[in-house]
Number of protein chains: 2
Amino acid sequence: MSQGASGIELETSLGYLLKEVSSALRTAMEAVLRPLGMSVTHYSCLELLAQRPGLSNSELARGTFVTRQAMNVLLQALEGDGLVTRSQQPASGRALPTRLTAAGRAQLATASAAVKGVEDRMKSQLSPSEQDALRAMLSACAVSLRAS
Amino acid sequence: MSQGASGIELETSLGYLLKEVSSALRTAMEAVLRPLGMSVTHYSCLELLAQRPGLSNSELARGTFVTRQAMNVLLQALEGDGLVTRSQQPASGRALPTRLTAAGRAQLATASAAVKGVEDRMKSQLSPSEQDALRAMLSACAVSLRAS
DNA sequence: CTCAGTATGTCAGAATATTGACATGAGTCA
DNA sequence: TGACTCATGTCAATATTCTGACATACTGAG
């Protein structure tokens, strides 16, 4: 009955559980980032930029799961705060590569450590092999969802 | 190095992967709900109300992971559309129990079937036992995150 | 080469959600 | 009883994001 039914069972729904964990993770991240004066998107952008230097606005938007318009306003703020720099001449097409400044890297360092603390707490009850299994299953879900 | 480091590795970060799946799920749900004229929050509220009749505004807000203010404006819209009814006299305290109308149940029926299709697609590559394992691990993550 | 298709940056308006605030009702405890 | 705490409903203001739109730049088929 929980499987063949035509509806959703909240108690056993993977989608609902996913949203629950995702929401709790976001809340926990906000809690540790707020004292640093950063939002989750703010941090995500910096983190992405640190690991993939030179990403354009649109690429950053895709990597942080927001629209490029939203990323654009964020990037303007980050640039105004001296945390990132944007090329004026596009390297190719219209895309303007973005890079962290020293100040951006410094701010990210403390934030990244704080976020790692949250993530470690999240998976504190999972063994390394369980974490691998979880990763594999979540990846499978992502692939399946993308296959329209 | 991927474990003892002080930072986050995007490639192996469970948090990032969680956000990725969650975002893909939301996008897929929006895609099937849009033709029905419903948003994800709209659907979530109806679904929650179907399975837990009499929930108050604040309880619905917690169950759908939004603020009670946001749920309040949504409930006013749903009530205006004749999909839900709210008691005028609080049963206890200030909480006003909310219930689905027949129209609400009817609208939910098609939406719930559509969302179940999305959820089934998401877990199409997972065996029943894997789904159980995934549920257990996600629950563990939620519990750990809530333990501040 | 030309043109259709796709991707990007950016502006403006609209929708949505959040924070802040206040009054009300219930429970607790001295 | 009275003071205190907590949860709720609701109003207002703010913030954030999205949708729509447009011009520009590359790419590939013809």
Side-chain angles (χ1 to χ4, degrees), chain A residues 19 22-24 26-31 33-35 37-46 48-49 52 54-81 84-99, chain B residues 19 22-24 26-31 33-35 37-46 48-49 52 54-81 84-99:
Chain A
K19 173 68 180 174
S22 183
S23 173
R26 186 177 188 88
T27 299
M29 286 177 65
E30 283 170 349
L33 289 175
R34 185 182 312 272
M38 304 173 66
S39 70
V40 174
T41 314
H42 179 142
Y43 156 74
S44 301
C45 178
L46 261 48
L48 204 52
L49 228 31
R52 307 242 214 292
L55 248 47
S56 69
N57 178 34
S58 287
E59 291 168 325
L60 286 168
R62 278 191 295 269
T64 55
F65 311 100
V66 297
T67 61
R68 61 204 164 144
Q69 292 89 333
M71 181 52 65
N72 195 30
V73 312
L74 174 62
L75 272 187
Q76 287 174 1
L78 294 180
E79 190 172 20
D81 290 345
V84 308
T85 57
R86 305 189 69 182
S87 301
Q88 293 307 325
Q89 286 88 10
S92 141
R94 298 193 67 191
L96 302 174
T98 309
R99 289 178 186 282
Chain B
K19 174 68 179 172
S22 183
S23 173
R26 185 177 188 88
T27 299
M29 287 177 65
E30 284 170 349
L33 290 175
R34 186 181 311 273
M38 304 173 67
S39 71
V40 174
T41 314
H42 178 141
Y43 157 75
S44 302
C45 177
L46 261 48
L48 204 52
L49 227 32
R52 307 241 214 293
L55 249 47
S56 71
N57 177 34
S58 287
E59 291 168 324
L60 285 168
R62 278 192 295 270
T64 56
F65 311 102
V66 297
T67 62
R68 60 185 200 259
Q69 291 90 332
M71 180 52 65
N72 195 28
V73 311
L74 174 62
L75 271 187
Q76 286 174 2
L78 294 180
E79 192 172 20
D81 290 345
V84 307
T85 56
R86 305 189 70 183
S87 301
Q88 293 308 323
Q89 284 87 11
S92 140
R94 297 193 67 191
L96 303 174
T98 309
R99 292 180 185 281

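Bear in mind that the values here come from a model prediction, so they are computed numbers and not experimental data. Labels below follow one simple rule: chain letters A, B, ... track the order of the sequence lines, proteins then strands, and each chain is numbered from 1.
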Exercise. Contact class for A:Ser39 vs. all strands (heavy atom < 4.0 Å): base, sugar-phosphate, or nothing?
Worked result: nothing
Problem set entry | Length of the CD-P vector between A:Gln88 and C:dG9, whole Å | 13 Å
Exercise. Is A:Arg86 close to A:Asn57 at the side-chain level, that is, under 4.5 Å between some pair of heavy atoms?
Worked result: yes
Seminar exercise, completed: Looking only at D:dT10, C:dT10, D:dG9, the nucleotide nearest the A:Asn72 side chain is C:dT10
Problem set entry | Verdict with reasoning, A:Leu33 to A:His42, per side-chain contact (heavy atoms from CB on, under 4.5 Å) | CA-CA 10 Å; A:Leu33 289 175; A:His42 179 142; over 6 Å; no
Problem set entry | Nearest-nucleotide 5' precedence on DNA chain D, A:Gly93 against A:Thr67 | A:Thr67
Exercise. Does a side-chain N or O from A:Arg26 land closer than 4.0 Å to OP1 or OP2 of C:dT18, or not?
Worked result: no
Short heteroatom pairs, N/O only, protein and nucleotides 20-23 of chain D, under 3.5 Å:
| from | atom 1 | to | atom 2 | distance (Å) |
| --- | --- | --- | --- | --- |
| D:dG20 | O6 | A:Gln69 | NE2 | 2.9 |
| D:dA21 | N6 | A:Arg68 | NH2 | 3.4 |
| D:dA23 | N3 | A:Arg94 | NH1 | 3.0 |

Exercise. What's the spacing between A:Thr64 OG1 and A:Leu46 CG if we round to 0.5 Å?
Worked result: 11.5 Å
Exercise. What is the distance from CG of A:Leu75 to P of D:dT17, rounded to the nearest Å?
Worked result: 12 Å
Exercise. Between CG of A:Leu55 and CE of A:Met71, what distance do you get to the nearest 0.5 Å?
Worked result: 9.5 Å
For this session: Remember a base hit wins even if backbone is also touched, and classify B:Thr41 as base, sugar-phosphate or nothing at under 4.0 Å, heavy atoms.
Result: sugar-phosphate
Exercise. Between the main-chain N or O of A:Ser23 and the side-chain N or O of A:Thr27, is there a donor-acceptor pair closer than 3.5 Å?
Worked result: yes
Exercise. Are side-chain heavy atoms of B:Pro90 and B:Leu96 found at a separation under 4.5 Å?
Worked result: yes
Exercise. To the nearest 10 degrees, what angle separates the axes at the start and end of the helix from C:dC1-D:dG30 to C:dA30-D:dT1, five pairs each?
Worked result: 40°
Problem set entry | A:Leu96 CG - C:dT8 P separation (whole Å) | 12 Å
Problem set entry | A:Glu30 or A:Ser56, whichever maps to the more 5' nucleotide of DNA chain C | A:Ser56
For this session: Give the rounded distance in Å between these two atoms: CE of A:Met71 and P of C:dA7.
Result: 19 Å
For this session: Just call it for B:Ser58: base, sugar-phosphate, or nothing, with non-hydrogen atoms closer than 4.0 Å on any strand.
Result: sugar-phosphate
Exercise. Can A:Arg26 and B:Lys19 be said to form a side-chain contact (heavy atoms from CB on, under 4.5 Å), step by step?
Worked result: CA-CA 9 Å; A:Arg26 186 177 188 88; B:Lys19 174 68 179 172; 4.2 Å; yes
Seminar exercise, completed: In whole angstroms, the gap separating C1' of D:dA7 from CG of B:Leu60 amounts to 15 Å
Exercise. From A:Leu74 CG over to A:Leu78 CG, what is the distance, rounded to the nearest 0.5 angstrom?
Worked result: 4.0 Å
Exercise. For A:Val66, which contact category applies under a 4.0 Å heavy-atom criterion: base, sugar-phosphate, or nothing?
Worked result: sugar-phosphate
Exercise. Is the closest side-chain heavy-atom distance between A:Asn72 and A:Gln76 below 4.5 Å?
Worked result: yes
Exercise. Hey, does B:Ala70 reach any base, or is it just sugar-phosphate, or nothing, if we go heavy atoms under 4.0 Å?
Worked result: base
Exercise. Does C:dT8 have OP1 or OP2 sitting under 4.0 Å from an N or O in the side chain of A:Arg62?
Worked result: yes
